[in-house]
**Q** 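Structure below; questions to follow.
The structure displayed is predicted, hence computed values, not measured ones. When a residue number appears, it is its place in the shown sequence, counting from 1.
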Amino acid sequence: MATLPNPLPKLATDPSGRSLGLRLPPGRLVDETDDGPWHEPLLWHAEKPSSPGTWKALGAPASRAGLLPVLVDLAGCRAGAEDWVLLPSEASYPGDHEAEEVLSEYWAEETDGYAGEEIEPFGVQWPGLASAGLLAADPESRAAQVADALHQDLSTWAEWVEEPHLALVPARRSADIPAAIGWTGALDHDGDVARVCAVLRSWEDRFGVRVVALGPDALVVSVAAPPTALDVAEVLAAEHYALCPNAVVQSGPGSVGAYAKELVGATSWSFWWE
């Protein structure tokens, strides 16, 4: 996939990041993938768990240096993110995919010609994309708020992220972070994570979404322009179901219609795959 110049190699000789205008805590560069070492670091992550305020303190300056922040869940990972299955070679470029085409394909696969209770009030016909929300907050500020909330109430968020560490990723936009590192959390749903990122790009444009946290199979995003009307939320809920049925059926209330009520005004969305 197309990438910007990667600032991470500078951290090999300058771990503090001062040459990039940063003051980083001790951390690790990750270049190990499931196919062997990558030709350059995929991400940097702090060795110690992060805390409230970390995102704002380090994320904004890192963005100016060409590195985007994301929290990575390293619970049970002795070698850090190197314990994850990363496959950057399998990721195409998110910009080569259309979100509606991707989601309609997912919808067809999940419904498989059967209109069950899970997808009510819709049937097997793809309902299309939800209309954009009204921006209620600055997207970067909302991302920092959600990151802080995650740290402040880990018991609530433990289903998604148990041990968050700040990571920095060379990516063009927040939605591209999973593809930039070759994240495989949704591998069973789609072998090319760039297609998932195409959906995230669309949500970034329509709802002010930012990727805030990644686990081995979980994803948390902040939402700066959430839907305020139930009819819009219902169409958006169908998008969520298409991308990640677990969010609606297992972690959620069980149906698209019921899940939509939870999306009205929601400032974060969470997804997990098996």
**Q** Could you list who else is in Val264's hydrophobic cluster, with ILVMFWY side chains joined at under 4.5 Å, directly or through other members?
**A**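 Direct or chained contacts put Val264 with Leu230.
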**Q** Of all heavy-atom pairs between Arg142 and Ala137, which one has the smallest distance, and what is that distance?
**A**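 Scanning both residues, the minimum pair turns out to be NH2-CB, 3.2 Å.
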**Q** Does atom CD (Gln125) have a neighbourhood of more than 12 heavy atoms from anything else shown, all under 6.0 Å?
**A**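 Open.
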**Q** Kindly indicate whether the side chain of Pro15, heavy atoms from C-beta on, has any atom under 4.5 Å from the side chain of Pro26.
**A**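 SC-SC contact between Pro15 and Pro26 ruled out.
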**Q** State whether Arg173 and Asp205 are salt-bridged, where the test is any N-O pair (Lys NZ or Arg NE/NH1/NH2 against Asp/Glu carboxylate O) under 4.0 Å.
**A**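 Between Asp205 and Arg173 there is a salt bridge, with a charged N closer than 4.0 Å to a carboxylate O.
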**Q** Not counting sequence neighbours, list each pair that qualifies as a ring-ring contact (aromatic ring centres under 6.0 Å, His included) and has a residue in residues 13-45.
**A**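 Those involving residues 13-45 do not exist here.
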**Q** How far does CG of Leu20 sit from CG of Leu11, to the nearest 0.5 angstrom?
**A**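 Spacing of CG (Leu20) from CG (Leu11) equals 5.5 Å.
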**Q** The test is side-chain contact (heavy atoms from CB on, under 4.5 Å); show your working for Leu168 and Leu68 and say whether it passes.
**A** CA-CA 5 Å; Leu168 302 177; Leu68 299 185; over 6 Å; no
**Q** Check whether any side-chain heavy atom of Asp31 sits under 4.5 Å from a side-chain heavy atom of Glu40, and report yes or no.
**A**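 A side-chain contact is absent here, since even the closest heavy-atom pair is not under 4.5 Å.
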**Q** Could you tell me whether the side chain of Val72 reaches within less than 4.5 Å of the side chain of Pro164, counting heavy atoms only?
**A**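 Pro164 does not reach Val72 side chain to side chain.
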**Q** Could you check whether Arg201 pairs with Asp176 (Lys NZ or Arg NE/NH1/NH2 to Asp/Glu carboxylate O, under 4.0 Å)?
**A**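 Yes, this pair counts.
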**Q** So, are Arg206 and Glu239 salt-bridged, with charged N and O less than 4.0 Å apart?
**A**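 Salt bridge flag = yes for Glu239 with Arg206.
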**Q** Say whether, by atom type as modelled, one donor and one acceptor occur between the side chain of Ser174 and the main chain of Val211 under 3.5 angstrom.
**A**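 Here the side-chain-to-backbone pair exists.
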**Q** Do side-chain atoms of Ser63 reach the backbone of Gly59 as a donor and acceptor pair under 3.5 angstrom?
**A**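 Between the backbone of Gly59 and the side chain of Ser63 there is a qualifying donor-acceptor contact (under 3.5 Å).
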**Q** Do Phe122 and Leu129 belong together in a cluster built from hydrophobic side chains that touch within less than 4.5 Å?
**A**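 They do share one cluster, since a chain of ILVMFWY contacts under 4.5 Å joins Phe122 to Leu129.
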**Q** Ring centres under 6.0 Å, that's the criterion: do Trp183 and Trp273 meet it?
**A**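 They qualify: ring centres under 6.0 Å apart.
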**Q** Closest approach of Pro94 and Cys197, non-hydrogen atoms and distance?
**A**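 Taking every non-hydrogen atom into account, CG-CB, 3.7 Å.
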**Q** Is a side-chain N or O of Trp107 found less than 3.5 angstrom from the main chain of Val124, in a donor-acceptor match?
**A**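 Pair found, side chain donor or acceptor close to backbone of Val124.
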**Q** Report yes if the side chains of Val70 and Ile177 come closer than 4.5 Å at any heavy-atom pair, otherwise no.
**A**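 In short, these two side chains touch, coming nearer than 4.5 Å.
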**Q** Report the C-alpha distance between His189 and Tyr106 in whole Å, list the side-chain angles of each, state the deciding distance to 0.1 Å, and finish with yes or no for side-chain contact (heavy atoms from CB on, under 4.5 Å).
**A** CA-CA 9 Å; His189 194 65; Tyr106 289 162; 3.7 Å; yes
**Q** Which heavy-atom pair separates Leu150 from Ala213 by the least distance, and what is that distance?
**A**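 Of all heavy-atom pairs spanning Leu150 and Ala213, the closest is CD1-CB, 4.1 Å.
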**Q** What's the separation between atom OG in Ser255 and atom CD in Glu120, rounded to the nearest 0.5 Å?
**A**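 Atom-to-atom, Ser255:OG and Glu120:CD are 7.0 Å apart.
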**Q** Using the side-chain contact (heavy atoms from CB on, under 4.5 Å) rule, pick out the option among Leu236, Leu219, Val220 that qualifies with Trp269.
**A**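 Output: one option passes, namely Leu236.
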**Q** Please test Leu103 against Val199 for side-chain contact (heavy atoms from CB on, under 4.5 Å), starting from the C-alpha separation and ending with a verdict.
**A** CA-CA 7 Å; Leu103 286 168; Val199 175; 3.8 Å; yes
**Q** About how many Å separate CD of Glu98 and CZ of Arg195, when rounded to the nearest 0.5 Å?
**A**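 It comes to 11.5 Å.
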**Q** Within the 3.5 Å criterion, strictly below it, is a donor on Glu118 or Tyr241 matched to an acceptor on the partner's side chain?
**A**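 Glu118 vs Tyr241: donor-acceptor pair found between side chains.
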**Q** So, taking the atom named CG in Leu87 and the one named CG in Asp192, what distance separates them when rounded to the nearest 0.5 Å?
**A**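 Result: 11.0 Å between the selected atoms.
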**Q** Decide side-chain contact (heavy atoms from CB on, under 4.5 Å) for Ile181 and Leu214; before the verdict, give the C-alpha distance in whole Å, the side-chain angles of both, and the deciding distance to 0.1 Å.
**A** CA-CA 11 Å; Ile181 67 173; Leu214 289 171; 4.0 Å; yes
**Q** Could you tell me if Ser251 and Asn246 have a donor-acceptor pair between their side chains, going purely by distance under 3.5 Å?
**A**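 No.
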**Q** So do Gln145 and Ser222 actually touch side chain to side chain, heavy atoms under 4.5 Å?
**A**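 No, their side chains stay 4.5 Å or more apart.
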**Q** Is any side-chain heavy atom of Glu100 closer than 4.5 Å to one of Trp126?
**A**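 Yes - at least one pair of side-chain heavy atoms lies under 4.5 Å apart.
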**Q** With a 4.5 Å limit on heavy-atom distance, are the side chains of His240 and Leu243 in contact?
**A**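 A side-chain contact is absent here, since even the closest heavy-atom pair is not under 4.5 Å.
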**Q** So, Asp73 side chain and Glu163 main chain: donor-acceptor pair closer than 3.5 Å or not?
**A**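 Pair found, side chain donor or acceptor close to backbone of Glu163.
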**Q** State the CZ-CG distance between Arg210 and Leu200, to the nearest 0.5 angstrom.
**A**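 Atom-to-atom, Arg210:CZ and Leu200:CG are 11.5 Å apart.
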**Q** Taking Lys48's backbone N and O only, do any of them form a donor-acceptor pair with His165's side chain (distance below 3.5 Å, no angle check)?
**A**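 Side chain of His165 to backbone of Lys48, a donor-acceptor pair under 3.5 Å: yes, one is there.
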**Q** With a 4.5 Å heavy-atom cut-off, do Val193 and Thr184 have their side chains touching?
**A**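 Counting from C-beta outward, Val193 and Thr184 never come under 4.5 Å.
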**Q** Do Trp203 and Phe271 pass the ring-ring contact (aromatic ring centres under 6.0 Å, His included) test, and can you show the C-alpha distance, the side-chain angles, and the key distance before you say yes or no?
**A** CA-CA 14 Å; Trp203 289 349; Phe271 307 91; 5.6 Å; yes
**Q** Quick check for you: to the nearest 0.5 Å, what is the distance between Lys10 atom NZ and Asn6 atom CG?
**A**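 Atom-to-atom, Lys10:NZ and Asn6:CG are 10.5 Å apart.
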**Q** Applying side chain to side chain donor-acceptor pair (under 3.5 Å), which residue pairs with at least one partner in residues 14-29 are found, sequence neighbours left out?
**A**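 Passing the test, one end in residues 14-29: Asp14-Ser16, Asp14-Ser19.
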**Q** Please find the pair of heavy atoms, one from Ala99 and one from Ser202, that lie closest to each other, and give the distance.
**A**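 Looks like CB-CB, 3.4 Å.
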**Q** Which one of Asp34, Leu43, Val30, Leu74 satisfies the side-chain contact (heavy atoms from CB on, under 4.5 Å) criterion with Trp84?
**A**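 The single option meeting the side-chain contact (heavy atoms from CB on, under 4.5 Å) with Trp84 is Leu74.
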**Q** Provide the closest heavy-atom pair for Ala180 versus Val169 in the form atom of the first, atom of the second, distance.
**A**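 It is CB-CG1, 3.8 Å.
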**Q** What is the minimum heavy-atom distance between Leu67 and Pro7, and which atoms define it?
**A**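 Shortest heavy-atom separation between Leu67 and Pro7 comes out as CD2-CD, 3.9 Å.
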